[in-house]
Amino acid sequence: MAQYKSDFVNQLTQRGFMHQCTDLDALDEKCAQGPVTAYIGFDCTAPSLHVGSLVSIMLLRLFQQTGHKPIVLMGGGTTRIGDPSGKDESRKLLTDADITNNMNGIKQVFQKYLTFGEGKTDAVMVNNADWLDNLKYIELLRDIGPHFTVNRMLTFDSVKLRLEREQPLTFLEFNYMILQAFDFVELAKSHNCQLQMGGSDQWGNIVNGVELGRRVAEKQLYGLTTPLLTTASGAKMGKTADGAIWLNDDALSHYDYWQYWRNTEDADVGKFLKLFTELPMDEIARLEKLEGQEINDAKKVLADEATKLCRGTDAAAEARKTAETTFEQGGMGESLPTVEIARAEIEAGIGVLTLFTQAGLASSNGDARRLIKGGGAKINDQQVSDERATIAADAINQDGVIKLSAGKKRHALIKPV
RNA sequence: GGGGGGAUGCCCGAGUGGCUAAAGGGGACGGGCUGUAAACCCGUUGGCUAUGCCUACGUUGGUUCGAAUCCAACUCCCCCCA
């Protein structure tokens, strides 16, 4: 099975991280010889990363665990420009305050996946604002400009697609690829970083960095991209009804995170196990073979493992317990979303519409009304048919709460206080 | 600087004086089938103290019994020419 010389490249290919590489054999050779340094950049466009970035994070983790040194690059500088790659239209410019705030949120998650420190294979974090913010325009143009022809820049997908669709591409955005290339060379010089990795939409940006490195620093750099992940039915990873699947726990509960993985489509289970868990390949092969009802066990393993990494072992166990009592025994688990309401208020009687709205299961009374009309509203597992009904203290069950359900999957608990 | 086009609900997109809370599609939500899957089928999709009321078609005014639809000014965006 060991087709390649290095542990890293072997695992990389076996587990499905590999999409394109500038020179896989040479990289393999290098990785086999000793620790290599690689980086992935993360733009600070939101206060937390979501599942869409998880492939990159897992890749850095794999890289570190196979004996190499990862660099996490925070795009404090490049986010001020805005990456046009893979976007139909320009994003609104973020303020510097937003970017700082986002960066602080994003930083947290890496502690869970990587080991930081001073050692040879310890991860480090850098911020490209440190060198981009103070660039001198003319100097940059003279140093870097001659190595980019506009002719070539126009051929990159990020630019070409915009032009073809006759969507505007500002000069600001047009510069993004140059700055990212500059980043790579900068890291090559300062950290002896030889490899840049990223999602497949980053290919153009990465290749530019590799070329620039060869021209201005006479360094042999490598680039590697991961496949763009969509679910088997074509949806982008990481977005659901209620929004993105955030990695930060203040942005999404442990239970919801676990549930996201539990609800993976059948066709994706194997792929996800390879990318998002660290189970051995033969174990994954076994789980992948399960069919019908049984594949649900594989999904639970996936949810457990993925949640453990991101949220910790306890969080995973608790989320699983809640899910099992809720779905398999029709009961309720403790980590269901809970809303507290004053006991006196409940005793006085609350309309069902208000109740569902307050529990966050309906966005307005009208929404709650539709839910009831559609037959999806349940209180303590009893279907609600009358939208004018009021709920009083007698709805509080033996566990001291009221269980509300909207459809089969969304549940919440009302807790009198 | 000149000329042209545009801004509609979560998104795309029809509508060009009353029948418009606004076609159609996507998405989303609910139901059915199942396995907390996919596919498929059905329904729903502005708010409210609800046979009515309010808010909504870039912003602000105007014409009119009545405007998303007509007029004026403004803002933003795109295209072409200079």
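Protein chains get the first letters and strands the later ones, always in sequence-line order, with residue 1 at the start of each. It should be emphasised that the depicted structure is a prediction, and the values quoted were computed from it without experimental measurement.
- For F327(A), the ring-ring contact (aromatic ring centres under 6.0 Å, His included) test picks out H411(A), with sequence neighbours left out.
- Residue E328(A) is classed as having no contact, given no heavy-atom separation below 4.0 Å to the nucleic acid.
- Shown here are the ring-ring contact (aromatic ring centres under 6.0 Å, His included) partners of F272(A), two or more places apart in sequence or in another chain: W261(A), F276(A).
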Exercise answer: donor-acceptor pairs, residues 101-108 of chain A side-chain atoms, under 3.5 Å, sequence neighbours excluded:
residue	atom	partner	partner atom	Å
N102(A)	ND2	C44(A)	O	2.9
N102(A)	ND2	D98(A)	O	3.3
N104(A)	ND2	T100(A)	O	3.3

Enumerate all atom pairs, one protein N or O and one N or O from nucleotides 5-11 of chain B, separated by less than 3.5 Å.
none

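- In this structure Y113(A) satisfies the ring-ring contact (aromatic ring centres under 6.0 Å, His included) test with no other residue, sequence neighbours excluded.
- Proximity of R262(A) to the phosphate of A37(B): no side-chain N or O atom is located under 4.0 Å from OP1 or OP2.
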Test side-chain hydrogen bond (donor to acceptor under 3.5 Å, both in side chains) on Q196(A) and Q180(A); report intermediate values, then the result. CA-CA 10 Å; Q196(A) 180 182 179; Q180(A) 187 165 330; 3.0 Å; yes
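- Between S363(A) and D367(A) the shortest heavy-atom distance is N-OD2, 2.9 Å.
- As judged by a 4.0 angstrom heavy-atom cut-off over every strand, A377(A) is placed among residues making no nucleic acid contact.
- Every pair tested for ring pair (Phe, Tyr, Trp, His ring centres under 6.0 Å) that includes a residue from residues 300-323 of chain A fails, sequence neighbours excluded, so the list is empty.
- Listed nucleotides: U36(B), G32(B), A38(B). Nearest to the side chain of E265(A): A38(B).
- Residues from residues 286-301 of chain A that place a heavy atom under 4.0 Å from any atom of RNA chain B, listed by number: G292(A), Q293(A), I295(A), N296(A), K299(A).
- Of the inter-residue distances, the one linking R80(A) atom CZ with L179(A) atom CG reads 11.5 Å to the nearest 0.5 angstrom.
- The side chain to side chain donor-acceptor pair (under 3.5 Å) search around N128(A) returns T78(A), D183(A), not counting sequence neighbours.
- For the strand RNA chain B, secondary-structure stems (runs of at least three Watson-Crick or G-U pairs, all distances below 3.5 Å) span B:1-7 with B:75-81, B:10-12 with B:24-26, B:27-32 with B:40-45, B:46-48 with B:52-54, B:58-62 with B:70-74.
- Taking the P atoms as reference points, A82(B) lies 48 Å from A22(B), given to the whole Å.
- Residues satisfying the side chain to side chain donor-acceptor pair (under 3.5 Å) criterion with S364(A), sequence neighbours excluded, are absent altogether.
- Between the side chain of T277(A) and the backbone N or O of L302(A), no donor-acceptor pair lies under 3.5 Å.
- Ion pairing between a basic and an acidic side chain is recognised when a charged N comes within 4.0 Å of a carboxylate O; E305(A) and K308(A) show such pairing.
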Please list, for nucleotides 42-49 of chain B, all pairs of protein and nucleotide N/O atoms separated by less than 3.5 Å.
residue	atom	partner	partner atom	Å
G47(B)	OP1	S364(A)	OG	2.7
G47(B)	OP1	R370(A)	NH2	3.3
G47(B)	OP2	R370(A)	NH1	3.4
C48(B)	OP1	N365(A)	N	2.9
C48(B)	OP2	G366(A)	N	2.8

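- Two residues, K408(A) and G374(A), neighbour RNA chain B, and the one matched to the more 5' nucleotide by heavy-atom proximity is G374(A).
- Considering only the side chain of L371(A), G30(B) comes nearest among G32(B), G30(B), G35(B).
- Residues satisfying the ring-ring contact (aromatic ring centres under 6.0 Å, His included) criterion with Y39(A), sequence neighbours excluded, are F184(A).
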